Number of protein chains: 2
Amino acid sequence: MPRETQASATRRDELLAIAARLFAEKGFKNTTVRDIADAAGILSGSLYHHFDSKESMVDEILQTFQAELFASYDEVLASADDPRTKIERAVRLSFAAIDQHRHEVAIFQNDADHLGSFPRFAYLAERNAQSRNVWMTLLTEGVESGALRQDLDVTLTYRFIRDTVWVAVRWYRPGGGLSHEAIADQYLTILLDGIADA
Amino acid sequence: MPRETQASATRRDELLAIAARLFAEKGFKNTTVRDIADAAGILSGSLYHHFDSKESMVDEILQTFQAELFASYDEVLASADDPRTKIERAVRLSFAAIDQHRHEVAIFQNDADHLGSFPRFAYLAERNAQSRNVWMTLLTEGVESGALRQDLDVTLTYRFIRDTVWVAVRWYRPGGGLSHEAIADQYLTILLDGIADA
DNA sequence: GTCTATACTCGGATAGAC
DNA sequence: GTCTATCCGAGTATAGAC
């Protein structure tokens, strides 16, 4: 790769990281191209040397993140672990994703519904369905193997897990009192065994 | 109350209900006064006969809802029920609020962070702190009374409950397969006893 | 209580100089 | 790769007629 191209790619990535932070903090629609340019120390027009549009930026941010995330889920699904271990692994990797890609997770949480209504972002709905399949598979295997309660409402449980895990991006801050591993541990304890005194 | 005033108040409420629905569906910033006027069958300028600004509308919507919600929490706190019953009541009334005021809950979930940064909406942060106090009190009483595990991380548990309960507004639809009471029951089972086979 | 018309501001995007 | 300058559309809000 020639030096110019490499330097250009780096600048692109810097700009994407800045955009991701602002999209996460203020929402996609509520972030202006001038906001992004200001934060990058350039003028808004200059952004269009790197990207077609504001939409292109969020598109690239989300696609890159989701490709990585679902590769991880697929690894868990394909593994030879027992059902309970698979569920634990899936929960842990989700909290790890919040730790390592919190802006991307926040954008997905806050703006995916709205963005998904445009043809360009149709893949967001597909990824949503894919995520549902992953969890429904894990939970169904859990019930069938006897690891989970036989009377579990699998669909409702899927929603509770999905919501509780991802919504943590609203309050989790890396470097705070709790590591993402510790949060995952605590969460798994509550999820698997409940909060009532045994 | 004279008839004119009453009719006027009714029209106001109609307009607020329309605005609440749109704010909930598309977000506050993403909803235009023309959207609201269109849905009401009038022109945008006419809205300003009833309200000072778009902000005034969301302000009135949120204040009315929160006053009612926190009155309910206070009732639970002040009751003579045992700690576990209080927690169950607080969870149930939250799901009932989602059923009966889903637009208001959705607005609070999606826009409170952003709105709260303006002086006019400083009360949103106060209400947030108040909600935290309610739950921390309930959970602490639960641990002290022996109803809940002694090793529970109360702060983390508070966050999980708050998030899981309110985020249900994203998928709950009244008249769907599950009543809000049934969802509350299932959720309390998971929360108190976990999903693992006993 | 609603309409017509319009002022004002802000946001996304473009063209071409440097 | 960034800047200057600018277009165009959209959004909030206002004034005054009906």
Side-chain angles (χ1 to χ4, degrees), chain A residues 1-61 107 110-111 114-115 117-121, chain B residues 1-23 25-61 107 111 114-115 117-121:
Chain A
M1 209 183 247
R3 199 198 301 170
E4 285 85 353
T5 307
Q6 199 171 38
S8 175
T10 299
R11 183 55 169 154
R12 249 184 100 81
D13 292 345
E14 276 174 15
L15 294 172
L16 280 180
I18 290 166
R21 178 172 57 79
L22 291 171
F23 291 155
E25 285 169 3
K26 317 180 13 163
F28 175 70
K29 253 225 135 178
N30 203 16
T31 301
T32 72
V33 291
R34 285 177 178 82
D35 289 336
I36 302 169
D38 284 355
I42 59 178
L43 292 189
S44 66
S46 306
L47 274 180
Y48 289 83
H49 174 73
H50 303 276
F51 305 97
D52 281 351
S53 64
K54 198 174 80 160
E55 275 190 7
S56 297
M57 294 189 219
V58 77
D59 197 352
E60 195 166 330
I61 290 165
I107 296 167
N110 299 327
D111 292 309
H114 173 242
L115 291 174
S117 61
F118 301 98
R120 168 168 199 169
F121 295 97
Chain B
M1 207 183 250
R3 199 198 303 171
E4 284 85 352
T5 308
Q6 198 172 38
S8 174
T10 298
R11 184 55 168 155
R12 250 183 99 81
D13 291 346
E14 276 175 15
L15 294 172
L16 279 180
I18 289 166
R21 178 172 58 79
L22 291 171
F23 290 156
E25 284 169 3
K26 319 180 12 163
F28 174 69
K29 253 226 135 178
N30 203 17
T31 301
T32 71
V33 292
R34 289 197 238 283
D35 289 336
I36 302 169
D38 284 354
I42 59 178
L43 292 189
S44 66
S46 307
L47 274 180
Y48 290 84
H49 173 74
H50 303 275
F51 304 97
D52 280 352
S53 64
K54 198 174 80 160
E55 275 190 7
S56 296
M57 295 189 218
V58 77
D59 197 350
E60 195 166 330
I61 290 165
I107 296 167
D111 292 310
H114 172 243
L115 291 173
S117 62
F118 301 99
R120 168 167 200 169
F121 295 97

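Lettering follows sequence order; numbering is per chain, from 1. Just so you know, these numbers use all the heavy atoms, side chains as well, and skip hydrogens, waters and symmetry mates. What you see is a predicted model; the values in this text were computed from it and never measured.
Here C:dG11 presents its P atom at 12 Å from OH of A:Tyr48, a figure rounded to the nearest Å. Atom pair B:Met57:CE and D:dA13:C1' shows a separation of 11 Å (rounding to whole Å applied). As a whole-Å value, the separation of B:Phe23 CZ from D:dG11 P is 14 Å. Computed from coordinates, the B:Asp35 CG to D:dT12 P distance equals 8 Å when rounded to whole Å. A straight line from CD1 of B:Ile36 to P of C:dT2 spans 14 Å, rounded to a whole angstrom. As a whole-Å value, the separation of A:Leu43 CG from C:dG12 C1' is 15 Å. Look at CG on B:Asp52: it is 13 Å from C1' on D:dT12, rounded to the nearest Å. Following rounding to the nearest Å, A:Glu14 (CD) and D:dT2 (P) show an atom-to-atom distance of 9 Å.
Residues A:Ser56 and A:Arg120 are in side-chain contact: their nearest non-hydrogen atoms beyond the backbone lie under 4.5 Å apart. For the pair A:Phe23/A:Asn110, no side-chain contact is recorded, criterion being any heavy-atom separation below 4.5 Å from C-beta on. Taking the side chain as every heavy atom from C-beta outward, B:Asp111 and B:Val58 never approach each other to under 4.5 Å.
In this structure, B:His49 does not reach the C:dT2 phosphate: none of its side-chain N or O atoms is under 4.0 Å from OP1 or OP2. Applying the 4.0 Å criterion to OP1 and OP2 of D:dT2, one finds that A:His50 has a side-chain N or O inside that range. At least one side-chain nitrogen or oxygen of A:Ser46 sits closer than 4.0 Å to the OP1 or OP2 atom of D:dC3.
One N or O on the side chain of B:Lys54 and one on the backbone of B:Phe28 form a donor-acceptor pair closer than 3.5 Å. Within the 3.5 Å criterion, the main-chain N or O of A:Thr10 finds no donor-acceptor partner in the side chain of A:Asp13.
Among the heavy atoms of the strands lying under 4.0 Å from B:Ile42 are primed sugar atoms or P, OP1, OP2 only; no base atom is included.
Contact of A:Arg34 with C:dG12 (side chain to base): a donor-acceptor pair of N or O atoms is detected under 3.5 Å.
Mapping A:Leu15 and B:Gly45 onto DNA chain D by nearest heavy atom places A:Leu15 closer to the 5' end of the strand.
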